[in-house]
Amino acid sequence: MCGGNVIVERGWAIAVHGGAGVDPELPPERQEQAKQVLRRCLQLGSSALRAGGAAIDTDPTFNSGRGSALTSKGTVEMEASIMDGPRRRCGAVSGLTTVKNPISLARLVMDRSPHSYLAFDGAEEFAREQGVEVVENDYFITEENVGMLKLAKEANTILFDYRVPLAETCSKAAAAAAAEDGGGLQMMNGLPLSVYAQETVGCVVVDSQGRCAAATSTGGLMNKKSGRIGDSPIIGAGTYACGACAVSCTGEGEAILRGTLARDVAALMEYKGLSLQEAVDFVIKERLDEGMAGLIAVSGTGDVAYGFNCTGMFRGCASSDGFLDVGIWN
Amino acid sequence: MCGGGVERRTHRWAIAVHGGAGVDPNLPPEKQEQAKQLLARCLHLGVAALRSDLAAVDVVELVVKELETDPFFNSGRGSALTRKGTVEMEASIMDGVRRRCGAVSGVTTVKNPISLARLVMDRSPHSYLAFHGAEEFARQQGVETVDNGYFITEDNVGMLKQAKEADSILFDYRVPLPAACSAAAAAAAGLDGGGVKMNGMPLSVYAPETVGCVVVDGLGRCAAATSTGGLMNKMEGRIGDSPLIGAGTYACEVCAVSCTGEGEAIIRSTLAREVAALMEYKGMSLREAVDYAVEERLDEGKAGLIAVSSSGDVAYGFNCVGMFRAYATEDGFYHVGIWD
């Protein structure tokens with residue numbers, strides 16, 4: 001049961017997310033569209049798991065590449081990380097501009113490079129060595145996001161990674177919020193939710209042998225500085241998997257990074273004996289301070305859970321006992 | 001009893017520095033002495049700053065800048081070289097007060113990467129900038145930049161050559177796949193009769209990665225900073241543990257940690273965060289947490305770390321051959337060492 005605590009012995013479980021911080025005014029047809037995508041991903045993953053697939057391989061093909069948020073220069077820079085619970089192997093990439101499937105490149109970094117994390121020119125070079133599918137950078141750019149970037153630039157004299165605010169940005173944010181819609185404006189990463197593009201997609205899986213794996217992929221923050229790295233490729237922040245659980249996070253990058261969010265879910269289970277749901281709840285409540293974020297998680301014993309402290313998170317869960325649920329709001 | 005200072009000190013200060021883990025046991029005595037003198041000098045710089053009530057985050061930046069500037073250790077000037085013979089540096093800094101952080105990777109012209117990381121934390125809208133984006137930010141901020149050649153030392157050009165020869169099996173000490181495993185075993189047997197390796201390289205050519213500093217100041221504030229040129233003969237674009245918050249660097253209200261060693265091992269074990277988590281969630285002391293982290297979290301990986309707690313404790317630990325380190329506490333404890 002999604003969000004619950006039902007332990008399924010030797011059962012598999014999968015959760016996917018499509019980002020946290022959703023515009024409460026999102027048109028119903030867009031909401032339905034999102035839920036269909038989530039459902040489809042769950043079904044893909046579930047089929048693989050039913051057939052006995054290993055957690056690490058069960059990653060529904062996200063096309064988070066296309067439609068990625070744009071940098072301040074109007075380009076796309078993608079990043080991703082993957083982690084295999086059994087021996088905590090991991091791979092990550094940042095600054096990808098032509099690789100069609102960033103998470104697959106992260107997997108290749110893990111399996112076939114001498115390193116754990118490759119970025120920018122080095123990652124692109126590695127991609128060519130490995131012969132992965134590459135495209136022009138504008139393949140990833142959608143008209144919608146070009147429009148969003150424009151709005152973000154207009155809205156955004158105070159864009160910040162939701163860092164613990166300095167007095168200056170704090171008052172500016174308050175002023176902007178008050179000015180724009182009578183102080184009722186909901187913000188994420190310093191952007192009004194109406195222009196905020198959800199960062200990140202992610203997937204966590206526990207297979208029928210209790211092996212956990214996590215994967216997270218993103219185009220990053222709308223209007224980000226070129227070269228900005230968020231939480232998604234950072235092991236322990238946006239992604240984590242070990243024997244106890246697998247976690248994928250989404251939301252305000254700095255909050256997730258300084259809260260080492262993904263690792264903390266596991267650490268609470270390991271060191272404080274919390275259940276998966278308790279650990280997820282604790283982390284969302286206690287580790288984010290003023291930051292906004294969400295996460296999905298599975299445990300090695302077949303639990304699945306999610307949590308978020310912001311307005312909405314696209315997510316879905318399924319488990320071997322036949323449970324399947326997708327949602328956006330609380 | 002503390003000396004002067006505007007605010008009354010409420011805590012005992014402590015400071016530790018490191019110059020990398022995984023030291024060649026055959027390192028000539030004069031080099032060992034040189035290392036210890038450099039560590040001592042940087043330590044004293046930090047101690048003087050603490051006695052003048054400089055804040056922890058400023059002290060760690062100051063000390064790491066000094067370590068970067070001296071070419072002896074693998075950071076800033078004297079950094080290890082990529083397989084193309086260039087230098088790509090990375091660094092991160094974390095202020096335990098409110099856990100603010102800043103990091104940079106792929107820095108090629110900035111004289112002091114740790115200072116750029118500090119500026120990312122204080123003056124950019126982000127937490128982590130890399131490669132051309134980091135360089136661009138550096139120019140916007142007007143930091144001191146030099147040609148990439150400034151960072152390259154003759155010593156390291158020679159080391160790179162040796163690393164290339166020794167190293168058909170260079171790996172980030174990942175949990176080995178069977179093929180790499182047997183190749184590694186064969187190579188180890190062949191190259192130097194089964195001698196000690198770090199990151200797949202014999203210790204004689206391995207450049208211990210990273211310098212770092214952790215501090216707790218007279219007001220109980222913790223901070224950590226780590227800086228490196230990375231792995232000798234690495235692929236361009238390779239990012240190690242040093243700029244990764246939670247892996248190579250971490251600071252919070254209870255402690256500050258800086259790690260060094262095999263990057264992949266430190267990343268997968270989230271080593272720096274681990275020490276703090278063990279204190280916070282398992283109630284361990286700093287000493288216990290450091291020991292547990294080094295003993296239990298690294299599996300086959302080789303690494304070391306330095307740490308201080310908000311209550312003025314200092315500790316270090318490593319599971320490899322040697323770690324350049326030094327520490328001092330307000331109580332008068334003082335130590336400089338390389339070996340166990």
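Basis for what follows: all heavy atoms, side chains included, without hydrogens, waters or symmetry-related copies. Chain letters run A, B, ... following the sequence lines, proteins first, then strands; residues in each count from 1.
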So, the part of B/T82 with a heavy atom under 4.5 Å from chain A: the answer is neither
Bottom line for B/M94: the part with an atom under 4.5 Å from chain A's heavy atoms is side chain
Could you go through the salt bridge (charged side-chain N to carboxylate O under 4.0 Å, His left out) check for B/E274 and A/R263 one step at a time? CA-CA 9 Å; B/E274 214 55 22; A/R263 169 63 188 134; 2.5 Å; yes
d(B/R99 CZ, A/L257 CG) to nearest 0.5 Å is 10.5 Å
d(B/L129 CG, A/K225 NZ) to nearest 0.5 Å is 7.0 Å
Okay, A/A119 and chain B: the region with an atom under 4.5 Å from a heavy atom over there is both
| Any chance the side chains of A/D231 and B/Y128 put a donor and an acceptor closer than 3.5 Å? | no
(message) Please check: side-chain N/O of B/R238 versus main-chain N/O of A/A123, any donor-acceptor pairing under 3.5 Å?
(response) no
CD1 of A/I235 to OG of B/S269, rounded to nearest 0.5 Å, is 11.5 Å
Checking heavy-atom separations under 4.5 Å from chain A, one finds in residues 131-140 of chain B B/F131, B/H132, B/G133, B/E136, B/F137, B/Q140
Of all heavy-atom pairs linking A/I229 and B/I239, the shortest is CD1-CD1, 4.3 Å
Scanning both residues in full, the closest heavy-atom pair of A/Y271 with B/K282 reads O-CG, 3.5 Å
Interatomic distance, CZ@A/R287 vs CD@B/E280, rounded to 0.5 Å, equals 5.5 Å
Under a 4.5 Å heavy-atom criterion, the part of residues 238-246 of chain A in contact with chain B comprises A/Y240
Chi angles and distances behind the salt bridge (charged side-chain N to carboxylate O under 4.0 Å, His left out) call for B/R98, A/D289:
CA-CA 9 Å; B/R98 313 218 283 174; A/D289 299 325; over 6 Å; no
Is it true that a side-chain atom of A/R228 and a backbone atom of B/H126 form a donor plus acceptor pair closer than 3.5 Å? no
Exercise. Taking only Lys NZ, Arg NE, NH1 and NH2, and the carboxylate oxygens of Asp or Glu, determine whether B/R273 and A/D264 approach each other closer than 4.0 Å.
Key: yes
- Query: So do the side chains of B/R268 and A/R89 get within less than 4.5 Å of each other, counting heavy atoms only?
  - Reply: no
Applying a strict 4.5 Å limit to non-hydrogen atoms, the region of B/R297 in contact with chain A is both
*asked:* Run the salt bridge (charged side-chain N to carboxylate O under 4.0 Å, His left out) test on A/R88 and B/D299 for me, step by step, so that the C-alpha distance in whole Å, both residues' side-chain angles and the decisive distance to 0.1 Å come before the verdict.
replied: CA-CA 10 Å; A/R88 285 180 285 130; B/D299 299 326; 3.1 Å; yes
Whatever's closer than 4.5 Å to a heavy atom in chain A on B/A130 counts as both
Under 4.5 Å to a heavy atom of chain B? For A/I234 that would be side chain
Applying a strict 4.5 Å limit to non-hydrogen atoms, the region of A/S226 in contact with chain B is both
What one should report as the nearest heavy-atom pair of B/I267 and A/S116 is CD1-CB, 4.3 Å
Which of B/E236, B/M235, B/K234 passes side chain to side chain contact (heavy atoms under 4.5 Å, CB included) with A/L118? It is B/M235
Distance col, row B/E264:CD vs A/C90:SG, nearest 0.5 angstrom, shows 5.0 Å
If you tally heavy-atom pairs under 4.5 Å between each of A/D121, A/L268, A/L274 and chain B, the highest tally belongs to A/L268
